[in-house]
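Below you'll find the structure, written out as structure tokens, and then a few comments.
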2 protein chains.
Amino acid sequence: MLAFLSRVDEAMNSSGEGATQARETGTLGKLMVLLDLVTHADAPLRFTDILALAGQPRGTLHRQLSHLLEEGLLELDGDGRYAPGLRLLDFAARSWARNEFRLIAEPHLSDLQQATGETVHLGVLRGQSIIYLDKVDGRQPVRMYSQIGNASPCYCTGVGKAALSLLPAEGLVDLLAGLSFTSFTASTHVSAETLLAEIREIAVEGYAFDREEHEAGIRCVAAPVWSQDRSFIGGISITGPAYRLSMELLRQWAVPVQLAAGRIMEDMRIRLGPRR
Amino acid sequence: MLAFLSRVDEAMNSSGEGATQARETGTLGKLMVLLDLVTHADAPLRFTDILALAGQPRGTLHRQLSHLLEEGLLELDGDGRYAPGLRLLDFAARSWARNEFRLIAEPHLSDLQQATGETVHLGVLRGQSIIYLDKVDGRQPVRMYSQIGNASPCYCTGVGKAALSLLPAEGLVDLLAGLSFTSFTASTHVSAETLLAEIREIAVEGYAFDREEHEAGIRCVAAPVWSQDRSFIGGISITGPAYRLSMELLRQWAVPVQLAAGRIMEDMRIRLGPRR
DNA sequence: AAATTGAGTTCCAAATAATGGAATAACAGC
DNA sequence: GCTGTTATTCCATTATTTGGAACTCAATTT
């Protein structure tokens, strides 16, 4: 309710797709922009590179980076370039291990994986992104960080669209207004209008598809999952290659996905108490 | 050399076992102490709990926590308690996916796992802790975050002791002086003297054992791995239950572990160039 | 060898943000 | 409706951050 709305409002500011803007968190906000810059780059950055990207005075930037280094949030590689620091791993490991949503969902994800033989994901909406909390893949030991923890856009993933279908009208419109669409494939939504139309449909049906919208050749069917207090708004999905997962098959799997989602929510009611 | 020593000096300040002290990073340092507090707790904390732990004035603490919330580094659960934020996952996922050390070591870890059938770890020294960068376990899909990213003490793990054996005398003594020993099992080192003696031995032999020092019933054999520029100082290990891994068997495995470590270092020389 | 360029670091008065004590608000239990 | 507990807001004081310029260092060119 109130708590939920304020949560979404705040979240609007965070971890979007495009421009990383300074938030109203003073010194911390400025440092997080830098951390974002370095972690989102696909290679270590030299001081001068960051100088150009951050648009800050040299002296200021230098001290900011020094602080981030000293805290272990950034590291210098052998060539004096800035890379993400390993201390982040420790923080994240704890954040993940303790996450209630994930802990409760885990057995149900495994069940769903067993039933379908395909990869199952759990994701949660944070700001404009879906953060993947878990992944169960039958075949080989999973390279987990490669998927878990990854933030993906909400407008072109099954879990993302399922999650959006849970938002109240007002919050949804605000969120969509802030999106900047990247056309990952020919099927990616590129306007808030068509996306909104699909989300309205999803809200009625109770499940969502990803028709190769994020990655060519990859489809999924997803169902929304939420905690009663709305602190978790997300979804679960069955994902796989288009050649194996026909749209017809995905439509059949809508039911088991929704059932699994229902069981997760029931477990949450039991384990977290009636208020949540 | 110089760069390396300063790296270790700085690292001395970070992520130790015991007291979390304020570093000289101004506002950021104070906020990181709070983030540490919340992520290292084993349950979400209420405002008042943090107030007692942090020993800060109410107003100050409240604003600091608000900033951390707004940045997504912390989150409020349904009961208004502070928990680690999921934005940390996104940072960590990127940090992990790009880590050169891990990328290069990965195939050799798999080989070692295949050869022995036991769990193989890759860890790197950061401050007084070993941060596990990778884990290859043959049997079931791995719950990765549960191990990867975890920071463990350097004085009671095979990888940790192997890593310490790579430090120059001066740096080692400084690091040991800053340790506070927790006796996890009956075999855990509890003094710098006995630890130093063992590390000297490890430096000569080229491999280290964990004789149930961190967790009862768990043994390992480890070999040190380092990059030429010393920006990575760590090790790899074969770990398993004591009933299956006799000390005799571990002694036999010292050779393959050392060979794998050698291959990782050779690959690093090739891939990272002669200076690193 | 001297000069030049590019990259990174240090310095310090002015501008800005953080501090913390006290007052206020929200809420659960009685 | 009161009471104790917990959380939030306020604002003059204080400490930190800022950013332009000067400086160092190493590599490259003249």
Side-chain angles (χ1 to χ4, degrees), chain A residues 1-7 9-10 22-35 37-38 43-71 73-83 229 231 273-276, chain B residues 1-3 6-7 9-10 22-35 37-38 41 43-71 73-83 229 231 273-275:
Chain A
M1 14 192 114
L2 259 183
F4 162 55
L5 284 176
S6 72
R7 224 172 248 133
D9 287 350
E10 286 159 16
R23 280 163 286 265
E24 276 314 310
T25 47
T27 306
L28 177 63
K30 294 162 199 161
L31 291 171
M32 294 306 287
V33 169
L34 287 181
L35 193 54
L37 258 173
V38 176
L45 298 172
R46 291 174 317 163
F47 180 85
T48 319
D49 300 332
I50 304 176
L51 189 64
L53 289 167
Q56 299 233 53
R58 306 166 73 77
T60 303
L61 181 66
H62 189 262
R63 180 183 35 74
Q64 291 173 330
L65 290 173
S66 304
H67 285 177
L68 289 169
L69 284 178
E70 192 157 343
E71 289 295 337
L73 300 178
L74 292 181
E75 296 185 2
L76 278 179
D77 74 3
D79 301 330
R81 293 172 309 182
Y82 292 84
D229 71 344
S231 59
R275 281 172 305 175
R276 301 173 54 191
Chain B
M1 15 197 114
L2 260 185
S6 71
R7 225 173 247 132
D9 287 350
E10 285 160 15
R23 280 163 287 265
E24 276 315 309
T25 47
T27 306
L28 178 63
K30 295 165 199 161
L31 291 171
M32 294 306 286
V33 169
L34 287 181
L35 193 53
L37 257 173
V38 176
L45 298 172
R46 291 174 316 162
F47 181 85
T48 320
D49 300 332
I50 305 176
L51 189 64
L53 289 167
Q56 298 232 55
R58 306 169 72 77
T60 303
L61 181 66
H62 189 262
R63 180 184 34 73
Q64 290 172 332
L65 290 173
S66 304
H67 285 177
L68 290 168
L69 285 178
E70 192 157 343
E71 290 296 337
L73 301 177
L74 292 181
E75 296 186 1
L76 278 178
D77 74 1
D79 301 331
R81 293 172 310 180
Y82 292 84
D229 71 344
S231 57
R275 280 173 304 176

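Lettering of chains follows the sequences in order, A, B, ..., and the numbering in each one begins at 1. Just so we're clear, the structure is a prediction, and the values are computed from it rather than from any experiment.
Atoms NZ (K30(A)) and C1' (dT17(D)) sit 7 Å apart, rounded to a whole Å. Here the P atom of nucleotide dT10(C) and the CZ atom of F47(A) are 11 Å apart, to the nearest Å. The distance between atom NE2 of H62(B) and atom P of dA18(C), rounded to the nearest whole Å, is 15 Å. When rounded to the nearest whole Å, the span between CG of L65(B) and C1' of dT9(D) equals 15 Å. Put simply, CD on E70(B) is 14 Å from P on dT8(D), counting in whole angstrom units. R81(B) has its CZ atom 14 Å from the C1' atom of dT6(D), to the nearest Å. L61(B) has its CG atom 14 Å from the P atom of dA18(C), to the nearest Å. In this entry the distance linking CD of Q56(B) with P of dG21(C) reads 11 Å, nearest Å.
Within the 4.5 Å cutoff, no side-chain heavy atoms of T25(A) are placed close to those of M32(A). Considering only heavy atoms from C-beta on, T27(B) stays 4.5 Å or farther from L28(A) through its side chain. Under the 4.5 Å side-chain criterion, counting only non-hydrogen atoms from C-beta, H62(A) is in contact with S66(A).
Among the protein residues, T48(A) comes within range of the sugar-phosphate backbone only, with heavy atoms under 4.0 Å from sugar or phosphate atoms but none that close to a base. Across all strands, R63(A) comes closer than 4.0 Å to base atoms (heavy-atom distances).
Among the nucleotides dT17(D), dA7(C), dT19(C), the one closest to the side chain of Q64(B) is dT19(C). With distances taken from any side-chain atom of Y82(A) to the nucleotides dG19(D), dT17(D), dT9(C), the minimum falls on dT9(C).
Mapped onto DNA chain C by nearest heavy atom, R46(A) and H67(B) fall at different nucleotides, with R46(A) at the one closer to the 5' end.
At dT8(D), none of the side-chain N or O atoms of S66(B) fall inside 4.0 Å of OP1 or OP2 (strictly under the cut-off). Look at T60(A) and you'll find a side-chain N or O under 4.0 angstrom from OP1 or OP2 of dG19(D).
Residues V38(A) and L45(A) share a closest heavy-atom pair of CA-CD1, 4.2 Å. Taking both residues in full, the closest heavy atoms of P57(A) and L51(A) are given as C-CD1, 4.3 Å, listed atom of the first, atom of the second, then distance.
Under 3.5 Å, the side chain of R58(B) and the base of dA7(D) form at least one donor-acceptor pair of N or O atoms.
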